[in-house]
Amino acid sequence: MQRKADSQNNHRRVYAASVKTPFANLGLWFQGRALAGIDFIEQDLLVQVDPGAEMTAEIEAMRELINSYCLNPFRRPHFDSELMPAGTEFQQKVWKALQDIPAGRIVTYGELAKELNTSARAVGNACRRNPIPVIIPCHRVVARAGIGGFSGATKGSMLNIKKWLLNHEGVQFS
DNA sequence: GTAGTCGTGCTAA
DNA sequence: TTAGCACGACTAC
């Protein structure tokens with residue numbers, strides 16, 4: 001995980017995830033506070049476009065979606081189907097189902113698997129390959145006996161981000 | 001309760 | 001074809 005110091009105060013930006021859209025990479029940054037070496041996420045996330053990336057209408061749309069989510073996670077975003085990243089037929093099906101989960105609600109991999117007539121592990125695989133976390137809300141899917149993973153990681157600071165996103169939607173996950 | 005094991009569906013190499 | 005997974009159910013202790 002890359003980090004960027006903020007010399008203005010005790011806050012610093014903590015790199016959260018690279019959102020690989022079909023068009024370019026968006027960097028997700030959380031405004032966090034360094035506490036004894038631990039990144040404590042407490043502020044809104046900021047969206048930055050890769051410095052080398054060309055600013056296109058699609059990238060702007062992605063940025064708008066994420067910024068809109070930061071301001072109000074309960075407002076259902078208008079998701080243009082052209083923004084849906086490439087994936088297998090199964091992955092597309094799972095990602096579409098994820099977008100139907102309303103903010104503030106969580107489901108387990110098993111529950112979603114039952115709905116899609118597949119297995120929990122298969123759902124987890126599709127979630128792991130979700131290239132645009134936050135926009136496709138894979139953070140709303142948790143394991144039966146735990147929080148599950150986020151952005152390809154099953155442990156570490158990524159899970160703090162998943163908890164933060166859930167908390168942002170009013171879900172307390174211990 | 002919890003650790004170990006296995007079945008499952010899917011994907012990438 | 002095979003190994004690897006963001007899982008879940010079952011079993012033994």
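These numbers were taken from a predicted model, which means no experiment stands behind them. Order of the sequence lines sets the chain letters (A, B, ...), proteins ahead of strands, with each chain counted from 1.
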Between the main-chain N or O of A:Arg129 and the side-chain N or O of A:Trp95, is there a donor-acceptor pair closer than 3.5 Å? no
Is A:Asn117 atom CG crowded by more than 12 heavy atoms from other residues, nucleotides or ligands, each under 6.0 Å away? no
Among residues 87-102 of chain A, which ones have heavy-atom contacts with DNA chain B below 4.0 Å? A:Thr88, A:Phe90, A:Gln91
Heavy-atom distance under 4.5 Å between the side chains of A:Asn130 and A:Val94, does that happen here? no
Specify the residues of residues 107-119 of chain A, ordered by number, for which at least one heavy atom lies under 4.0 angstrom from an atom of DNA chain B. A:Thr118, A:Ser119
B:dT11 phosphate, OP1 or OP2: any side-chain N/O from A:Arg129 under 4.0 angstrom? no
What's A:Gly146 touching, base or sugar-phosphate or nothing? Going by heavy atoms closer than 4.0 Å. nothing
Can you tell me the Watson-Crick or wobble partner of B:dT8, both distances under 3.5 angstrom? none
Give, for atom OG1 of A:Thr108 and atom CZ of A:Arg140, the distance between the pair rounded to the nearest 0.5 Å. 15.5 Å
Heavy-atom closest pair (A:Val123 atom, A:Phe90 atom, distance to 0.1 Å) is N-CZ, 4.4 Å
Return the CD to CD1 distance between A:Gln92 and A:Ile136, rounded to the nearest 0.5 Å. 8.0 Å
Considering all heavy atoms, the nearest A:Leu116-A:Lys93 contact: O-NZ, 3.8 Å
Any chance you could measure A:Arg105, atom CZ, to A:Glu169, atom CD, to the nearest 0.5 Å? 12.5 Å
